[in-house]
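Throughout, a chain's letter reflects where its sequence line sits, starting with A, and its residues are numbered from 1. Nothing here was measured: the structure is a model prediction, and the numbers come from that model.
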There are 2 protein chains.
Amino acid sequence: MIKKPLTDPAPCTGNLLAMTDTFDILGGKWKLLILHYLILREDINNTFKKIERDIVGISAKVLSKELKELEFNQLIKREEQKTKPITVAYSITEYGKSTKEIIDILVQWGQTHRIKILNED
Amino acid sequence: MIKKPLTDPAPCTGNLLAMTDTFDILGGKWKLLILHYLILREDINNTFKKIERDIVGISAKVLSKELKELEFNQLIKREEQKTKPITVAYSITEYGKSTKEIIDILVQWGQTHRIKILNED
DNA sequence: CAGCATCCCGTGGGATACTG
DNA sequence: CAGTATCCCACGGGATGCTG
């Protein structure tokens with residue numbers, strides 16, 4: 001039987017670092033919701049206003065900040081359209097689609113949890 | 001702690017709701033780090049003090065709050081030990097282990113992202 | 001319409017001290 | 001040791017108004 005060092009310094013630093021990286025980029029309550037929205041509506045003209053209306057509870061100020069950060073990290077693409085009053089369309093990038101597996105697992109976990117809770121008591 | 005259904009015309013309401021449920025339970029920057037820590041150290045005596053030391057950056061006040069919420073949602077178990085100055089050990093529950101797939105994906109994504117960034121420019 | 005500037009408030013969380 | 005209680009401040013984010 002092999003013993004581990006007793007004074008075990010913070011275990012798995014690498015993993016913690018990687019998770020923190022992910023939180024930094026995708027963290028907060030909105031980014032993954034926005035990515036989910038854009039992934040499902042890949043071929044649609046998703047204007048700022050439309051996103052703001054569809055994602056219930058988000059304010060324009062916060063949405064603006066979130067979109068900017070997502071664009072900075074190349075997860076979404078921003079395109080100004082030459083309309084009368086200017087409109088802007090946002091879309092998912094190929095790289096942005098890599099978050100789909102995260103989203104799917106979070107959705108699945110949430111659904112399972114809800115079922116678990118309902119079956120209690 | 002589950003949110004009430006939103007009266008929400010947005011597409012894919014169910015998915016958004018499920019994701020929001022997950023955020024409510026596992027959200028914030030600490031809960032998944034704590035679960036990850038406890039999953040890896042399943043058979044170890046994880047006292048409050050030990051966790052506080054190993055998870056760099058967390059304060060006792062916040063750790064206390066997070067542990068309470070995780071226990072409330074049955075993701076971890078709290079056990080007082082009959083030591084001289086009382087100690088408390090926390091451990092992952094079977095249900096808590098269901099978060100491992102989430103953690104694994106977040107770790108993996110973070111690592112991949114880091115590699116991507118390094119290979120740019 | 002998109003999104004920035006301002007003002008303003010609630011609260012999350014740090015620092016510190018105290019208790020069982 | 002494992003928390004709890006207080007004080008206190010920074011800042012996230014709402015509301016509103018303005019501009020290109």
Selection from [options] that lies nearest to any side-chain heavy atom of [X]:
X       : options               : value
A/Val62 : D/dA2, D/dG14, C/dC1  : D/dG14
A/Val88 : C/dG13, D/dA2, C/dA2  : C/dA2
A/Ile86 : C/dA2, D/dG13, C/dG14 : C/dA2

Atom-pair distance ([atom1] on [X]; [atom2] on [N]), nearest Å:
X       : N      : atom1 : atom2 : value
B/Ile76 : D/dA2  : CD1   : P     : 13 Å
B/Gln81 : D/dC1  : CD    : P     : 13 Å
A/Glu52 : C/dC1  : CD    : C1'   : 10 Å
B/Leu67 : C/dG13 : CG    : P     : 14 Å
B/Lys65 : D/dT4  : NZ    : P     : 13 Å
A/Lys29 : C/dG12 : NZ    : P     : 12 Å
A/Ile58 : C/dA2  : CD1   : C1'   : 14 Å
B/Lys50 : D/dC1  : NZ    : P     : 13 Å

Does OP1 or OP2 of [N] have a side-chain N or O of [X] closer than 4.0 Å?
X       : N      : answer
A/Ser64 : C/dA2  : no
B/Arg78 : D/dG3  : yes
B/Ser59 : C/dG14 : yes
B/Tyr90 : D/dG3  : yes

* **B/Lys61 (side chain) and C/dG14 (base): donor-acceptor pair under 3.5 Å** => yes
* **Residues, nucleotides or ligands: over 12 heavy atoms within 6.0 Å of B/Lys100 NZ** =>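 Counting neighbours around NZ of B/Lys100, 12 or fewer heavy atoms of other residues, nucleotides or ligands fall under 6.0 Å, so no.
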* **Inter-residue atom distance A/Leu35.CG - A/Leu70.CG, 0.5 Å rounding** =>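 The CG atom of A/Leu70 is 5.0 Å from CG of A/Leu35, to the nearest 0.5 Å.
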* Structure fact -> Value for CD1 (B/Ile58) from CG (B/Leu67), rounded to nearest 0.5 Å, stands at 7.0 Å
* With a 4.0 Å cut-off on heavy atoms, is A/Thr83 in touch with a base, just the backbone sugar-phosphate, or nothing at all? -> nothing
* Are side-chain heavy atoms of A/Leu38 and A/Ile51 found at a separation under 4.5 Å? ->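 Yes, close enough: below the 4.5 Å cut-off.
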* Taking it one step at a time, do B/Glu94 and B/Lys97 satisfy salt bridge (Lys or Arg N to Asp or Glu O under 4.0 Å)? -> CA-CA 5 Å; B/Glu94 276 310 309; B/Lys97 290 181 195 170; 2.7 Å; yes
